[in-house]
Amino acid sequence: MNVKLPDGSVREYEGKMTAFDVVRDISEGLSRMACAVKINGEVKDLTTELVGDIDEFVVLKFEDEGGKKTYRHTASHVMAQAVKRIWPEAKVAIGPAIENGFYYDFDVEKPFTPEDLEKIEAEMQIIIDEKLPIDRFELPRQEAIKLMEEKGEPYKVELINDLPEDSVISFYKQGDFTDLCAGPHLPSTGRVRSYKILSAAGAYWRGSEKNKMLQRIYATAFDSKKDLKAYLNMMEEAKKRDHRKLGKELELFALMDEGPGFPFFLPKGMIIKNELVNYWRDVHRKAGYVEISTPIILSRQLWETSGHWLHYRENMYTTVIDEDDFAIKPMNCPGGMLVYKTKPHSYKEFPIRVGELGLVHRHEMSGALHGLMRVRSFTQDDAHIFMLPEQIKDEIKNVIKLIDEVYKVFGFSYHMELSTRPEKSIGKDEDWELSTQALKDALDEEGLEYVINEGDGAFYGPKIDFHLEDCIGRTWQCGTIQLDFQMSERFELEYIGADGQKHRPVMIHRVAFGSIERFIGILIEHYAGTFPVWLSPVQAKILTITDRNNDYANEVISFLESRGIRCEIDTRNEKIGFKIREARNERVPFITVIGDKETEDNTLSVRMRGKKEDEIMSPEELANKICDDVKNKK
RNA sequence: GCCGCUAUAGCUCAGUAGGUAGAGCGCAUCCAUGGUAAGGAUGAGGUCAUCGGUUCGAAUCCGAUUAGCGGCUCCA
C-alpha cells in the first residue's frame with residue numbers, strides 16, 4: 001500500500017501496518033510526539049490498522065488541535081478510571097476535551113472534596129505508570145447497551161439509545177476501565193505526561209436544569225511538565241488582573257451586600273465611565289446618531305404591548321404606582337418606539353439613528369452574578385435604527401464598521417457570531433430570509449470571518465454578536481446587532497413611503513460597548529489596570545521632596561488643571577521613594593517629582609510609565625505631552 | 001435558581017485541640033525635610049456576616065439566612 005505524507009513523498013508498505021508503525025518508520029522522535037493521525041481527512045487512533053492506499057497521512061502532535069483533543073480526552077478517561085477505582089459505585093457520564101483542558105461528569109453519592117481530588121490525582125499517576133494499552137472495539141447496539149447495563153452505567157445506556165440508527169458504537173478499554181467513546185485516543189495511558197486537576201463543580205446532566213446535577217471535575221493536561229507549569233503560571237498571573245480584584249485595589253467600583261448585582265461606581269471608576277461615554281457620544285454624533293433618554297419606569301401596558309410582560313416577566317422588577325402596575329425597564333426599545341411615534345415620518349428621513357445610554361435592570365439569578373461582567377443593573381449604549389428594507393445591508397455595514405472602530409481604539413481582538421432563526425420565532429419567512437441574507441452579505445462583502453450559530457437568533461430576528469475575551473480566556477458578548485420586525489409591528493410604527501402609502505419601517509437594535517459596566521470590567525483586565533492616558537483616573541501626580549517645594553508644586557498643579565488634565569499632588573511628609581511607590585501602584589502615567597532643583601529651574605522631573613529614566617521638561621511640555629496622548633487615545 | 005466552597009479590623013490574611021481574638025498594610029499622633037518602589041516610635045480600631053441550636057462556656061461544632069467564590073443554567 002502507498003502512504004502519501006504531507007511533504008508529497010509516498011512510502012510503500014506491505015503486510016499489516018498500523019498508523020503508529022508508519023509514524024515510527026518516519027522517525028523515532030516523531031513517534032514519541034504523536035498523539036493521533038489524520039487519515040484521508042479523519043482523525044484516527046495511532047493503533048488504527050491501515051487498509052489500502054492513503055492519500056493523506058498527517059501525524060498530529062499535541063500542538064495540533066486534533067492531537068491536543070485526543071491527548072486530553074485520554075487524560076479524561078484516565079481520570080474517570082481513577083474515580084471508578086476509588087468509588088466503584090460512581091456512574092460516569094461524559095468527559096470531553098475543552099478549550100484549555102478537559103472535564104468528566106460523575107454521578108456520585110457525595111460531591112468531591114479537595115482531598116478526594118488529591119486522591120484522584122494520585123490514582124491517575126498510578127494508571128499512567130501502569131502504561132495500560134488503550135484498545136478500541138465496536139459493538140452492535142444491543143450488545144453495547146447490554147455491556148453498559150452490566151457495568152451499571154445508566155448514562156451511557158441513555159447516550160447509546162440516543163445515537164442515530166446507523167452510527168458505529170465504539171468503546172475504548174484500558175485495563176479495568178471500558179468507556180463508550182467515539183475516540184480517538186492515545187495508544188497507552190503511559191503517554192499522558194502531565195496533568196492537573198483544577199476544580200470540581202456541579203453540572204446538570206446534559207446541561208439542563210431539569211436533570212439531575214452531576215459532579216464535574218475540571219482538569220487540564222499538557223504534553224510536557226514545562227508547558228503545564230507555564231499554563232498554571234499564566235492562570236496565576238491572570239488572576240492578578242481579575243477586574244474584581246483590581247477594581248477594589250484601584251478604587252474603581254464596589255459591590256455591596258445592600259445591592260447584590262447593583263454596582264457602585266467610585267470616583268475613579270466614574271471618570272473611566274464618563275470618558276467612555278464622552279467618547280461614545282463623539283463617535284456616534286459623527287456617525288449620524290441623535291441621542292434620547294427614556295424613563296426607567298414605564299407602565300405595564302407598555303410592556304404588554306412590547307411583549308416583555310408576557311415573555312420576560314421573570315427577569316423584570318415591577319412596582320405599583322397609584323394602584324397601577326409599572327415595570328423598571330429591562331430593555332430600552334419600548335421607550336425608543338414611543339419616541340419614534342411622537343411624530344409622523346417620511347422615508348426621506350431614513351435611516352434614522354437614535355441612540356440612548358439606557359440604564360436597564362434585569363433580575364439575573366444570584367448564582368450568575370460576576371463582578372461587573374454580569375450584573376443586575378447596567379447601562380446599554382443602545383441605538384435603534386429605522387430604515388427601508390433596501391437600506392439594511394449598508395446600515396449593517398456601517399454598524400459593523402463603527403463597532404470595529406470602537407474596539408480598535410482599545411486594541412481588542414474579538415470574534416463575531418451570526419445567529420439565525422430559532423425554532424420558536426415569529427415573523428414572516430420572507431422577512432427572516434431577507435434580513436439573514438442582509439447580515440450575511442454585509443459580513444461577506446466586508447470580508448469578515450464569523451461563525452454561524454444556527455437557530456440561536458432572537459425570537460424576533462437574526463443577529464450578529466461581538467465577543468471579547470477576559471483575562472482567563474472566557475468570552476463575553478459585548479456588541480450585538482439585531483434585526484427586529486417584532487417591535488415595529490407591535491407598536492404599529494409607520495412611515496410614509498414614496499408611494500404616499502403607510503409602511504412599516506425595518507428596525508435594528510444595536511450596542512457597541514454592550515454594557516458599559518461589562519465593557520469596563522473587560523477593559524480593566526485587558527489593560528491589567530494600567531489604563532491609557534485618556535482613561536486614567538489620575539493622569540499626572542506631583543510628588544514633592546520637601547515642603548520647600550509646595551508653592552511651586554501647587555502652581556504646576558493649577559497650570560495642568562487649567563489645561564484639563566486630571567492631577568493629584570502629594571505633599572505628605574514622606575520620603576520620595578515611598579511616594580513614588582504609591583503613585584506607581586496607582587498606575588499613574590506621569591509621575592512628576594519636584595525638589596529644590598526643579599523649583600529653582602521651573603522644570604519638572606517626569607517619570608513616564610514604561611520608562612526607566614526620568615525626563616526633565618517644562619510644565620508646558622508636560623501638559624502638551626499629556627494632551628497629545630489624550631487626543632490620540634494613547 | 002442548582003451543586004460545592006468561603007465569610008475574623010478599612011484591606012490581605014493567621015487563629016493549632018471549644019476557654020470572649022492576632023499580624024502586616026492602611027489610619028491617627030509624634031520624631032526625622034528625606035532625590036526615584038516601603039525611615040522610626042506610639043496609638044486607635046473587631047457583638048469574629050446574621051439568626052437560632054448544642055455546651056458550664058462557641059470565632060471554633062450543628063442548622064437556617066444573607067453575601068461572595070468556582071461551575072451548571074441563563075445572558076449585555
Side-chain angles (χ1 to χ4, degrees), chain A residues 103 105 108 110-114 116-117 198-218 239 242 244-245 248-249 251 254-261 312 314-315 330-332 358 360 362-382 456 458 463 465-468 472 474 476-480 482 509-519 521-522 543-550 571-585 591-598 605-607 612-614:
Chain A
Y103 67 79
D105 286 346
V108 281
K110 287 200 175 122
F112 298 108
T113 63
D116 291 341
L117 298 184
L198 301 173
S199 63
Y204 298 109
W205 166 237
R206 298 198 142 178
S208 167
E209 57 189 321
K210 291 188 184 88
N211 292 337
K212 179 161 187 186
M213 180 158 277
L214 307 176
Q215 293 304 315
R216 175 171 299 177
I217 303 178
Y218 284 93
K239 273 189 202 158
D242 188 308
R244 292 165 299 188
K245 181 174 147 66
K248 191 183 259 180
E249 279 173 14
E251 297 176 5
L255 286 157
M256 319 206 193
D257 288 7
E258 290 81 352
Y312 205 71
E314 56 189 23
N315 283 306
M331 295 180 192
N332 301 300
V360 296
R362 298 180 186 174
H363 181 73
E364 300 295 346
M365 288 188 291
S366 58
L369 303 177
H370 182 93
L372 287 183
M373 303 294 203
R374 190 76 188 277
V375 291
R376 285 176 174 158
S377 82
F378 57 100
T379 314
Q380 287 187 308
D381 61 321
D382 226 330
D456 213 27
K463 58 174 186 167
D465 291 329
F466 295 72
H467 296 255
L468 299 178
I472 55 170
R474 287 177 294 209
W476 297 90
Q477 186 190 318
C478 289
T480 175
Q482 308 183 350
H509 175 107
R510 44 107 290 178
V511 289
F513 292 145
S515 133
I516 295 184
E517 288 75 5
R518 175 178 288 181
F519 200 78
I522 293 173
L543 318 177
T544 53
I545 305 241
T546 81
D547 48 21
R548 285 192 299 280
N549 315 122
N550 289 0
T571 57
R572 285 178 307 167
N573 194 3
E574 295 288 352
K575 297 210 174 202
I576 195 66
F578 180 79
K579 294 189 189 183
I580 286 183
R581 182 186 142 81
E582 282 201 344
R584 286 185 62 121
N585 285 341
I591 299 172
T592 302
V593 174
I594 291 180
D596 289 343
K597 209 164 83 195
E598 289 76 19
S605 176
V606 182
R607 177 183 282 214
K612 284 198 176 132
E613 293 288 309
D614 282 12

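The chains referred to below are lettered A, B, ... by the order of the sequence lines, with proteins before strands, and numbering in each begins at 1.
Nucleotides B:G26 and B:A59 are separated by 30 Å at their P atoms, to the nearest Å. B:U6 and B:G15 are spaced 13 Å apart, taking the P atom of each and rounding to whole Å. A gap of 15 Å separates the C1' atoms of B:U60 and B:G53, to the nearest Å. If you take atom C1' in B:G19 and the same atom in B:C2, they sit 40 Å apart, rounded to whole Å. Taking the C1' atom of each, B:C27 and B:G46 are spaced 15 Å apart, rounded to whole Å. Annotation: B:G10 and B:G45 have their C1' atoms spaced 9 Å apart (nearest Å). One P atom belongs to B:U47, the other to B:A21, and the distance between them is 13 Å to the nearest Å. B:G71 and B:U36 have their P atoms separated by 44 Å, given to the nearest Å.
Taking the side chain as every heavy atom from C-beta outward, A:M373 and A:R244 never approach each other to under 4.5 Å. Considering only heavy atoms from C-beta on, A:I516 stays 4.5 Å or farther from A:F378 through its side chain. Side chains of A:D381 and A:R510 form a contact here, defined as non-hydrogen atoms less than 4.5 Å apart.
Remark: B:G4 base-pairs with B:C69. Criterion, Watson-Crick or G-U wobble with two distances under 3.5 Å. In this structure, B:U16 forms no base pair with any nucleotide, since neither Watson-Crick nor G-U wobble geometry is met with both distances under 3.5 Å. The partner of B:C25, taking Watson-Crick or G-U wobble pairs whose two distances both stay under 3.5 Å, is B:G10. Nucleotide B:C51 forms a Watson-Crick or G-U wobble pair with B:G63, both donor-acceptor distances falling under 3.5 Å. Partner assigned to B:A58 is none, using Watson-Crick or G-U wobble distances below 3.5 angstrom. Pair assignment for B:G46 gives none, since no Watson-Crick or G-U wobble pairing has each distance under 3.5 Å. The pairing partner recorded for B:G35 is none, the criterion being a Watson-Crick or G-U wobble arrangement whose two distances lie under 3.5 angstrom.
The NZ atom of A:K212 sits 18 Å away from the P atom of B:U73 (whole-angstrom rounding). In this structure, CG of A:L198 is placed 16 Å from C1' of B:C69, rounded to the nearest angstrom. Rounded to a whole Å, the CH2 atom of A:W205 is 22 Å from the P atom of B:G71. When the C1' atom of B:U73 is taken as reference, atom CZ of A:R216 falls 11 Å away, rounded to whole Å. Taking atom CD of residue A:E249 and atom P of nucleotide B:C25, one finds them 17 Å apart after rounding to whole Å. A:N315 has its CG atom 12 Å from the C1' atom of B:G1, to the nearest Å. Taking atom NZ on A:K239 and atom P on B:G68, their separation rounds to 19 Å, with Å as the unit. Atom CZ in A:R206 sits about 24 Å away from atom P in B:G71, given to the nearest Å.
For the atom pair CG of A:L468 and CZ of A:F513, the computed distance is 11.0 Å after rounding to the nearest 0.5 Å. Separation of atoms CZ (A:R572) and CD (A:E582) is listed at 4.5 Å; rounding is to 0.5 Å. Rounding to the nearest 0.5 Å gives a distance of 9.5 Å between OG1 of A:T546 and CG of A:N573.
When heavy atoms are screened at a 4.0 angstrom cut-off, A:V593 is found touching base atoms of the nucleic acid. Among the heavy atoms of the strands, none lies under 4.0 Å from A:V360. Nucleic acid contact for A:D614: base, since at least one base atom lies under 4.0 Å from a heavy atom of the residue. At a threshold of 4.0 angstrom between heavy atoms, the contacts of A:G207 are confined to the sugar-phosphate backbone, with no base atom among them. Within 4.0 Å (heavy atoms only), A:E598 reaches at least one base atom of the nucleic acid.
Checking B:C74, B:G68, B:G35 against every side-chain atom of A:K597, the shortest atom distance belongs to B:G35. Relative to the side chain of A:K248, the nucleotides B:G70, B:U12, B:U33 differ in distance, and B:U12 lies closest. When each of B:U33, B:G1, B:A76 is scored by its nearest atom to the side-chain atoms of A:E209, the top-ranked nucleotide is B:G1. The nucleotide whose nearest atom lies closest to any side-chain atom of A:M365 is, among B:U33, B:G4, B:G1, B:G1. When each of B:C74, B:C75, B:C3 is scored by its nearest atom to the side-chain atoms of A:M213, the top-ranked nucleotide is B:C3. Of the listed nucleotides (B:A76, B:G35, B:C3), B:A76 has the atom at the smallest distance from the side chain of A:F378.
A close approach under 4.0 Å does not occur between any side-chain nitrogen or oxygen of A:Q380 and OP1 or OP2 of B:A76. The shortest distance between the side-chain N/O atoms of A:S366 and the OP1/OP2 oxygens of B:G1 is below 4.0 Å. Close to B:G68, at under 4.0 Å from its OP1 or OP2, lies no side-chain N or O of A:R244. Between A:H370 and B:G71, a side-chain N or O to OP1/OP2 separation shorter than 4.0 Å is absent.
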Worked check of side-chain contact (heavy atoms from CB on, under 4.5 Å) between A:K463 and A:H509: CA-CA 9 Å; A:K463 58 174 186 167; A:H509 175 107; over 6 Å; no
Under the side-chain contact (heavy atoms from CB on, under 4.5 Å) rule, what do A:V593 and A:R607 come out as? Steps first, then yes or no, please. CA-CA 8 Å; A:V593 174; A:R607 177 183 282 214; over 6 Å; no
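Distance alone, capped at 3.5 Å, is enough to place a donor-acceptor pair between the A:R376 side chain and the A:E364 backbone. A donor-acceptor pair under 3.5 Å is absent between the side-chain atoms of A:R362 and the main chain of A:N315, judged by distance alone.
The base of B:C74 is paired with the side chain of A:R374 by a donor and an acceptor separated by under 3.5 Å. In this model, no side-chain donor or acceptor of A:S208 finds a partner on the base of B:U73 within 3.5 Å. Judged by distance alone, with hydrogens and angles left aside, A:D547 brings a side-chain donor or acceptor within reach of the base of B:U33, the pair sitting under 3.5 Å. Side-chain atoms of A:Y204 and base atoms of B:G1 include a donor and an acceptor less than 3.5 Å apart. Residue-to-nucleotide contacts include no donor-acceptor pair under 3.5 Å from the side chain of A:E364 to the base of B:G1.
Each of A:D596, A:T571, A:T544 was checked for a side-chain hydrogen bond (donor to acceptor under 3.5 Å, both in side chains) with A:N549, and the lone residue meeting it is A:D596.
Minimum heavy-atom separation, A:I522 to A:C478: CD1-SG, 3.5 Å.
When each of A:F466 and A:G261 is assigned the nucleotide of RNA chain B with its nearest heavy atom, A:G261 is the one assigned upstream, toward the 5' end. Two residues, A:M331 and A:Y218, neighbour RNA chain B, and the one matched to the more 5' nucleotide by heavy-atom proximity is A:Y218.
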Sugar-phosphate atoms are those with a prime plus P, OP1 and OP2; base atoms are the rest. Using that split, label each nucleotide of nucleotides 37-47 of chain B B, S or - for protein heavy atoms under 4.0 Å, 5' to 3'. BBS--------
